[in-house]
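Below, read A as the first sequence line, B as the second, and so on, with proteins coming before strands; counting in each chain starts at 1.
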Amino acid sequence: MISPRPITTATLDANEAVASVAYRLSELFVIYPITPSSPMGEWVDEWSSKSQKNLWDHVPEVVQMQSEGGAAGALHGALQSGSMASSFTASQGLLLMIPNLYKIAGELHPFALHVTARALATHALSIFGDHSDVMACRQTGCAMLCSGSVQEAQDFAVITHAATLATRVPFIHFFDGFRTSHEVAKIALLSDDDLRALVDDSHVDAFRSNALSPDRPSVRGTAQNPDVFFQAREACNPFYDRVAATVQSLFDEFASRTGRSYHLFDYEGHPEAEQVIIIMGSGGETASETSAWLNAKGGKTGVLRVRLYRPLDAAALLAALPKTAKKVAVLDRTKEPGALGEPLFLDVATALFEAGRNDVTLIGGRYGLGSKEFTPGMVRAVFEELKAAQPRRRFTVGINDDVTRLSLACEAEPDIEPKGTRRALFYGLGADGTVGANKNSIKIIGEGTELNAQGYFVYDSKKSGAMTISHLRFGPGAIRAPYLIDKAEFVAVHHFPFVEKMDVLGHAAAGATFLINVATPADKVWDRLPREVQERIIALKLELYAIDAYTVARAAGMGGQINTIMQTCFFALAGVLPRDEAIVAIKEAIRKTYGRKGEAVVAKNEAAVDAALAAMHRIEVPAAVTATVGRPPVVPPAAPEFVQRVTAVMLAGDGDTLPVSAFPPDGTFPVATARWEKRSIAQELPVWDPSLCIQCNKCVLVCPHSAIRAGVCPVADTQSAPESFLHTKLRSNDLPGYEYVIQVAPDDCTGCTLCYKVCPAKDKSDLSRKALMMAPADPRRDADRTAFDFFLTLPPAPAVLLQDTVKGTQFREPLFEFSGACAGCGETPYVKLLTQLYGDRLYVANATGCSSIYGGNLPTTPYTANSAGRGPAWSNSLFEDNAEYGLGMRAGVDQLAAQAWRLFDELSPVLPPALVAGLKAADQSADAGIAVARGLVVDLEAALASIEDPKAAQLAQLANYLVKKSVWIVGGDGWAYDIGFGGLDHVLASGRKINILVLDTEVYSNTGGQKSKSTPLGAVAKFSAAGKDTDKKDLALIAASYGNVYVARVAFGAKDSQTIQAFIEAEAHPGPSLIIAYSHCIAHGYSMANGLDQQKLAVETGSWPLFRHNPGRTAEGKAVTVLDSAAPKQPLSAYTRNELRFQALHRSDPERAKMLAGRAQEAVDRRFAHYQYLAGEGPAPADPKPMPAVKPTAVKPAPAPDKPTSTP
Amino acid sequence: MNLTTTYLGLKLANPLLPGASPMVDNMDTVRRLQDAGAPAFVMHSLFAEQIEGNAAAFDRHVGRWEESFAEASSMFPDTSDYALGPEEYLERLATIKRATGLPVIASLNGTKLGSWVDHARHIEKAGADALELNTYFLATQCSVTGADLETRLVEIAKAVRSAVNIPVAVKLSPFYTSVAHLAGWLEEEKIDGLVLFNRFFQPEIDLDSLEVRPHLDLSGSEDLRLRLRWLGLLRDQVSFNLSCSGGVQSADDVVKSLLAGADTVQTVAALLRRGPGELAVMLAGLRRWMEEHEYQDVHEMRGALSQRRCPDPEAYERGNYLRSLQLWRE
């Protein structure tokens, strides 16, 4: 069908496309951020903050809630009151909405919920796509519509809103997380008129009329007894009966307007297909394209794509299935352990059975869990299986299941893409702007040419030194390839070390162009390539180009930003646009992207573009390999077996090849694997000058990556040390003859400079020199590596040094090292300290968020064990439940300890009296007593071995619980202040001996800077673009109000000794403790190198007063609250002026910024006065002046947006 | 009594201007200054370096985290909403003009030639009535000559002059080898006036932290004498406008400046110390002095004690140095 009018196209991702439709068709959004749906909420918030209007000329409001559960409740209320409310979510967030989804459906509220379908956390968290979450909602009563591409996601968004209004049945519209939500594609846009044509205003009127109103009162939400509930529940049936026909009629109307035709079930393939795959979501695109390719080779295959999954119209399904189809495979992107089959399979089976179609051989398989690739090769494997005489009834595809042997074998990937499609792969460094530039490139191609374009971006799990891989396709034909590129005609490596670490040419097509950014003269580039790379280049006859983009960037004043330079080279080499046109387009894109940042930034980028081509060189490829050295092994040979066999494969980017048997079935992974991943990402390393060092160990405390360490050893031990191992006489009267060492781990340091910044030891004659100075990494890395290896052989520091001071704690071994946290992270020093103090007896319940990602995102694990094999037992359950999870750990441990002590008491008469007395008397409040107890437990186990009583065996199993355990609940402010607050409050009220550490960045860091209730007044954050106008919640005071809770507010960059003291007091406190730890963060908008200075300023200005509230002090007759920071010495602005989160508003709305800054100062003063009062240092505070409500203003009065869909 | 004067082509009710300072950031202060008799406003400088630095820092510390992690494509709301250019400054300028109806003289401190010109154009477009170029080139390298520095300054002034149609003044620092030569050169290049002189942060050594930090004290009357000397010396050699800036603390200082040769007198420290109302006090003092000394028009005062017209011309020159020392000894 041909479109009756010109089509406007745009190149964008599904999140933006769907959000645009939802925005125009809603008047209220109640949201909570969750990957990968967060961008949709952010889009509508942005449009709302710019006062853009919906279809009815109204600016929708966006309300951020404390959790998806809260959002669902608020949505229900909004719908009840007659407001067209919508939302976006995924995964656990969708699960938290389920109770209200039942209510919303049960009351027949029209409601559109857009879901980026994502895996549910089971044996592990996965932020990636599958249908586990939506499948958990199929019983709620919501209709479910599934789209499979960016175009469909936009189109089905309007169908969803129109259909829910027309039918009164709430709709879940879902599409594949990341694969569709984050894929950038050229699509035909829906205009406001398109939306108007599909949404019937009379349905809106009907919805309003049905709202609860005191002007025509009725009640909803009654309780019903056995006499009527059942009948009443069945009363909604006619509404469901009408859904399928309504959706099809909307599809038809849509087709007549747009030319894009959809059905409840869309069949593509051979009209007399013998083998058919039934599938939902983006996998349908791949399946259809592969089927067409097979049919062109004489196959008789087809694909039936399910659009409306609930209510399932069996008749329509069967009607769409060719009568010739005798073999049908249903593919589900979810797993239902123990079921006869996955949900879609069971539905199809029922439909066929009821239709008497027992002529069909039906099989069911799982694919694509957690965004596992689903490729043409896998589709072919399914069709091959169907062809078999006895196809497997149940299978998986896409993995190698060598345990239960369910998986289908897949041969080499066929290249099914239409001729003329060009494919390009880019390996970039997270911070180098590669992804942003590639998004621009797709737009340039998609919007500046007739070509179609697609972009998809893969990120690794590290937050510092991360790798990004961009997959770009463009070509004259439709691009229906929602899978990664297998054969690329263009491969660019934007960061040379990747060449040495992984097989970057594994997906290069024969004759492809290979571009490398390398700081080597052109005539030396070939010699720098490892043997494997040279071999590939020659074998595949690649054209090799090189550029020293970092030098070009530096010359243009752009630091490490090489994105536009590499983009220019790409256009020059790829030939998709004439070179000159491409350069003009790149410059236009630069102006769009950077225009608001000022002429200087634009000019720098333009200069870089102009310089790029001159700096790019074609490298002659010799006929034969000349390199003698290959890529080094991913992990050293000394790594443990599991690391060699599993971790190393993941590190090499080949995790897809690992079989099922490689993995623990219950999600348990070994600790201490981060140490085997040598990332060498620091450009500069700290260099220690022993002659200047005052041996304070502050550098060790502040290091976010445990990459600088303090140690001691007898002088004699240094005899065998390598030359690069520096040491100096230990300043201690307790240990004469000992040497002191500060040692850097050169491959693990990120070069954040915090250690250099904190170093107080200066050269008296040259005050610019400190005991730690930063120096270029490359020349010294080898020597430092040797020294660090030697350092690791040193014995632990003697106990006499391990005092509870900054210095003493930093002689203790960190049991958390080399995490993937951001360079300069403000959270990890606290986590590290926790493991130094209590790591050998520590349980950590970790809320989902940054700390669970750097704490436990594979491939590697930063938690480790000491030489005795003891270390933190760490676990992440979910986001919302962490306090309860930790309480459960505590209760569980207490139970085991209680049983151990009971058994111990019962067996005491037959145990050696000295052992019994010793264990009972051991003071386990400190390390010394713990060590004594541990020794006695060893004796106990020996003694129990000879006791025949069955209780002895029971006690032997539990004996370790006689040694005290330390249970800590750890998480960020998003968890503690918002989603997990109910549970946290309950734990505080429990009176249990349990510790809580809140790593407070004052914003949702992991999901990208959304406001939390910890966000300070005046700060800008997502969902608070006009500056937060309410004060930060005082979690400390709330906790203190319980009376028996130990509370501390700490900031290690401001007063490290107070931080240490707080940790020790918290652990010693017999009841619940709460430490709220100031954590500087990249979301604050300044260089993390200044994190410690900002911590100081936060304290000195009163923004972050330090205090400890220790109920134990009452017994000593002292004030319970101790204020550890002096009255503010400087105005709040001395702190806020350095951070973009506060300064941004001064740019966009100076009047409001000043007003909020004034109120923030008042709030800070008031809070400090209150603390002074609590600490007995000041008068009772006056009642606070009521804060006037502040009307949020638009960030900017609707500027002309760059993005076509930004004008709903 | 006539206090009106013409400065940079602007007809002003009196010659006493609130000088470049953060006072213009507060509209209440602006209105109080107007009430006190301010005939025009001089904005504080638009520092291109700061704007460009902010933009670069923004790019470095915010932009670099964008598109790096799967879960967070950015860490801030759409950053294009937070203007990093001179918008805030330009809006402020327009607001003051709108609210007071008085002329506004903008001030600009650029970096490279291009940035001076670009920002000058923005400022003109925003409605500024005149522009003060706040120049400060410190020759910190052995390789840079005084002539290099002067040439650079004049090049910038020329470029800005030809880029905009509003009058342009140059605010000089006193650290040029030949201030008089430079002044003459600038006049030749059609610059409309000079502001004497700039005051800058000078480094201070913090004995506690053992760091060197920039430091700025408000000016005092002792700062005025340097200005008086150069006003007196230049008044007879150039005919474009001269404005005195730095050290004007009282009505007497205003009188001295005018007598030495200033067309206008700018004051900041006195207003910061004693509030915007001080402007009215100083104006009243000026009137009183004129009455007492039977001056009817400020134009009569302008340069009445310039070097050529003062009873002892040598007092402005080097002899002054020796004499001062002798006086000190006595």
Side-chain angles (χ1 to χ4, degrees), chain A residues 35-36 38-39 42 45-46 49-50 127-128 178 430-431 433-436 439 457-459 461 463 466 468 557 559-561 594-601 603 762 767 822 853 1005-1009 1020-1022 1024-1025 1082-1083 1085-1087 1140-1141 1144-1148 1150 1195-1196 1199 1202, chain B residues 25-28 46 48-92 95 110-119 121-122 205-207 209-212:
Chain A
T35 307
S38 311
E42 290 167 14
D45 181 51
E46 184 185 327
S49 71
K50 289 175 178 168
I127 60 167
F128 296 102
F178 281 105
T434 294
V435 172
K439 285 191 174 173
F457 307 92
V458 179
Y459 309 85
S461 50
K463 297 191 178 227
T468 63
Q561 289 292 103
Y594 302 112
R596 297 294 296 264
K597 296 179 184 171
E599 276 303 312
V601 176
K762 291 181 178 176
L767 289 162
C822 299
I853 296 302
S1005 300
N1006 195 47
T1007 46
V1020 157
K1022 288 174 184 168
S1024 185
I1082 59 166
Y1086 65 96
S1087 168
L1140 182 82
R1141 60 177 167 151
L1145 199 61
H1146 287 272
R1147 304 269 158 202
S1148 61
V1195 171
K1196 279 275 162 191
D1202 301 327
Chain B
D25 283 343
N26 185 322
M27 281 313 291
D28 184 44
L46 171 68
E49 189 178 13
Q50 195 174 354
I51 288 172
E52 288 156 18
N54 278 346
F58 190 90
D59 218 28
R60 216 166 34 246
H61 305 310
V62 179
R64 68 174 292 202
W65 301 108
E66 290 177 358
E67 309 285 4
S68 293
F69 318 134
E71 299 213 61
S73 51
S74 67
M75 299 305 291
F76 273 92
D78 181 16
T79 47
S80 65
D81 297 332
Y82 304 106
L84 288 160
E87 288 84 350
E88 188 185 353
Y89 184 89
L90 301 177
E91 273 170 31
R92 167 68 44 185
T95 307
T111 49
K112 298 193 191 82
L113 188 63
S115 94
W116 283 95
V117 170
D118 286 343
H119 289 304
R121 287 203 182 105
H122 289 312
I205 290 176
D206 184 324
L207 291 178
S209 66
L210 290 179
E211 285 171 354
V212 178

request  = Kindly check if the number of other-residue, nucleotide or ligand heavy atoms within 6.0 Å of CD1 (B/I205) is above 12?
outcome  = no
query = Using a cut-off of under 4.5 Å for heavy-atom pairs, which of A/T468, A/L767, A/I853 has the most such pairs with chain B?
reply = A/L767
inquiry  = For a quick test of reading the model, state the closest non-hydrogen atom pair linking B/A72 to A/G1008 and the distance between them.
reply    = CB-CA, 3.4 Å
Contact class of A/F178 relative to chain B, heavy atoms under 4.5 angstrom = side chain
Side-chain touch A/V1020/B/P77, heavy atoms, less than 4.5 angstrom = yes
task = List the atom of B/F69, the atom of A/C822, and the distance in Å for their closest heavy-atom pair.
result = CZ-SG, 4.3 Å
query = So with a 6.0 Å cut-off around CD of B/E211, is the heavy-atom count from everything else above 12?
reply = yes
inquiry  = Using heavy-atom distances under 4.5 Å, tell me whether B/S74 contacts chain A through its side chain, its backbone, both, or neither.
reply    = both
query = Are A/K463 and B/W65 close enough that some pair of their side-chain heavy atoms sits under 4.5 Å apart?
reply = no
Side chain to side chain, B/F76 and A/R1141, heavy atoms closer than 4.5 Å = yes
query = In terms of heavy-atom proximity below 4.5 Å to chain B, should A/A1083 be classed as side chain, backbone, both, or neither?
reply = both
Interatomic spacing from CE in B/M75 to CG in A/N1006 - rounded to 0.5 Å = 8.0 Å
inquiry  = Heavy-atom cut-off 4.5 Å, strictly under: side chain, backbone, both or neither for B/S209 against chain A?
reply    = backbone
